[in-house]
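Everything numeric here is computed off the predicted structure, so don't read it as measured data.
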Amino acid sequence: MRALPVRVDAVLVQALIAAALSFAHLHDLALAAGQDGWKAWAYPVSVDLLLVAAWRRLRSGEAKAAGWCWFLVALIASLGANIATAGLLDLDDVPAWLRILVAGWPAVAFLGGTLLAHGAPKPNGARATASEPPSTITGPEPTPAEAAPLSATVELPPAEAESALPSPVPPALVALARKVADDHRARTGTPIDTSTLRARLGVPMPLAEVIATQLT
């Protein structure tokens, strides 16, 4: 199987090297300030996480002032550690003010991370809705003709009313219906009803009603 070509991003490699060096400097400074064990490793992690949280807030486009503020705070902490461990500071005799800054950094990082991660920016939809004033334009009032109910009864012309009535029943169908009615009376002793007649003949109900009137 042919191996897939691996693309190396020079900028990403440079960023990883710089992050590793800054991580080591922060660890060394915290260790020199009396934060031994796992605490010395937690300090560079807190600085890097604050940088990432501030970068994400800047990318989101909301509350850029807060994003830039905490980004500069984390950047100053990282640069300060790099400069302090470059030989300008005796790590075997760290001054008291630097020990105070290192000891107070967790509270600052916690505050900044909480504000950046759990900020509540206003949604764009709510802001757009609030900026639009309610419309006060009303449509024209309906005229009496338009306000009339649609369910008003419409009378058909006489010609259409007459055409709605069923056509004359063929004599053969009347004879068949009479035979069915007589058979029903012979079996049950009661005259046949319209529903039964319609079912036996297989005709529509209006036609069955007309046939029933001719059987009486």
Side-chain angles (χ1 to χ4, degrees), residues 1-7 9 12 45 48-68 70-71 110-216:
M1 181 182 295
R2 186 176 61 180
L4 296 176
V6 178
R7 298 181 59 184
D9 190 348
L12 181 60
V45 173
D48 292 343
L49 288 181
L50 185 59
L51 280 172
V52 172
W55 174 79
R56 292 191 62 181
R57 174 57 63 89
L58 293 175
R59 288 289 302 273
S60 67
E62 296 288 343
K64 287 189 175 182
W68 278 115
W70 290 108
F71 184 84
F110 177 77
L111 176 63
T114 302
L115 293 177
L116 291 173
H118 298 284
K122 296 181 179 180
N124 295 332
R127 186 163 51 215
T129 304
S131 62
E132 294 181 1
S135 177
T136 57
I137 301 176
T138 57
E141 297 183 357
T143 60
E146 295 176 351
L150 298 178
S151 59
T153 305
V154 179
E155 296 183 359
L156 296 176
E160 296 183 4
E162 293 178 358
S163 61
L165 297 176
S167 58
V169 183
L173 185 57
V174 175
L176 177 60
R178 193 177 302 279
K179 181 179 179 181
V180 171
D182 294 342
D183 180 69
H184 181 80
R185 181 183 294 273
R187 287 187 297 101
T188 62
T190 58
I192 190 171
D193 58 302
T194 307
S195 300
T196 305
L197 181 63
R198 184 198 65 79
R200 296 289 298 275
L201 296 178
V203 296
M205 180 59 73
L207 183 58
E209 294 176 352
V210 174
I211 295 175
T213 58
Q214 297 187 13
L215 293 181
T216 55

**Asked** With respect to Arg178, which candidate in Val180, Leu176, Val174 satisfies the side-chain contact (heavy atoms from CB on, under 4.5 Å) definition?
**Response** Val174

**Fill in**
Interatomic distance, CD1@Ile192 vs CD1@Ile211, rounded to 0.5 Å, equals 10.5 Å

**Complete:** Residue set satisfying salt bridge (Lys or Arg N to Asp or Glu O under 4.0 Å) with Arg59, at least two apart, ordered chain then number -> none

**Request:** Give, for atom CG of Leu51 and atom CH2 of Trp70, the distance between the pair rounded to the nearest 0.5 Å.
**Result:** 12.5 Å

**Item:** Heavy-atom pair of closest approach, residues Arg57 and Leu116
**Value:** NH2-O, 2.6 Å

**Prompt:** What pair of heavy atoms forms the shortest contact from Leu50 to Gly113, and how long is it?
**Reply:** CD1-N, 3.7 Å

**Asked** Which residue pairs satisfy the salt bridge (Lys or Arg N to Asp or Glu O under 4.0 Å) criterion with at least one member in residues 184-199, sequence neighbours excluded?
**Response** Asp183-Arg187

**Complete:** Shortest non-hydrogen pair, Ala177 vs Leu201, comes out as CB-CD1, 3.7 Å

**Item:** Test item: Met205 and Ser195 side chains (from C-beta on) under 4.5 Å apart, heavy atoms
**Value:** yes

**Request:** State, to 0.1 Å, how close Glu209 and Thr194 come at their nearest heavy-atom pair, and which atoms those are.
**Result:** CG-CG2, 3.8 Å

**Over all atoms of both residues, closest heavy-atom pair of Gly67 and Ala54** = O-CB, 3.5 Å

